[in-house]
Amino acid sequence: MPTIFAQHAQAGEYHLETRYVELGRWEWMVFKKGKTVAEFSGDATTLESAKKNAAMRVGLYTETVKWQPIGPAIEAPEE
């Protein structure tokens, strides 16, 4: 089983998060600073596509966003 992490990033006035939901599904969310309800959200089939979708939603390239692990490592089943 691969070890993975939920991830988060600060991008200007936005806070981006991704998290593993279930086999083959990642959820992404974008929060405006100071808010607790997501401005944008969606899901993706990989961590990389979830990060890309979240960044693109606020007009950024994934490569310009510094993502960091958040919370404990997760043992994800093989897909």
Original post:
Which atoms form the tightest heavy-atom contact between T45 and S49, and what is the distance?
Top reply: N-OG, 3.7 Å

Subject >> Stepwise salt bridge (Lys or Arg N to Asp or Glu O under 4.0 Å) test for E27 and R19 >> reply: CA-CA 5 Å; E27 183 176 58; R19 66 180 171 198; 2.5 Å; yes

Subject >> Shortest non-hydrogen contact between V65 and A55, atoms and distance >> reply: CG2-CB, 4.0 Å

Original post:
Counting N and O atoms only, with roles assigned by atom type, does the side chain of T64 sit under 3.5 Å from a partner on the main chain of Y61, one being a donor and the other an acceptor?
Top reply: yes

**OP:** Kindly indicate, with the supporting measurements, whether the criterion side-chain hydrogen bond (donor to acceptor under 3.5 Å, both in side chains) is fulfilled by H8 and E17.
**Re:** CA-CA 4 Å; H8 71 123; E17 293 186 7; 5.8 Å; no

Subject >> Check: F31 and V37 side chains under 4.5 Å, non-hydrogen atoms >> reply: no

Original post:
NE2/H15 to CE/M29 distance, rounded to the nearest 0.5 angstrom?
Top reply: 8.0 Å

**OP:** Report yes if some heavy atom in the side chain of Q7 is under 4.5 Å from a heavy atom in the side chain of Q68; otherwise report no.
**Re:** no

Original post:
Can you name the nearest heavy-atom pair linking W67 to L16, along with the distance?
Top reply: CH2-CB, 3.5 Å

Original post:
At their closest point, which heavy atom of G12 faces which heavy atom of K33, and how far apart are they?
Top reply: O-CE, 3.4 Å

Original post:
Between Q10 and Y14, is there a donor-acceptor pair closer than 3.5 Å when you use the side chain of the first and the backbone of the second?
Top reply: yes

Original post:
Got more than 12 heavy atoms from elsewhere within 6.0 Å of NZ, K51?
Top reply: yes

Subject >> Spatial distance of atom NZ (K52) from atom CG (L47) [nearest 0.5 Å] >> reply: 13.5 Å

Subject >> Heavy-atom pair with the smallest gap, counting every atom of W28 and D43 >> reply: NE1-N, 3.5 Å

**OP:** Decide yes or no for F40 and N53: does some side-chain heavy atom of the first lie under 4.5 Å from some side-chain heavy atom of the second?
**Re:** no

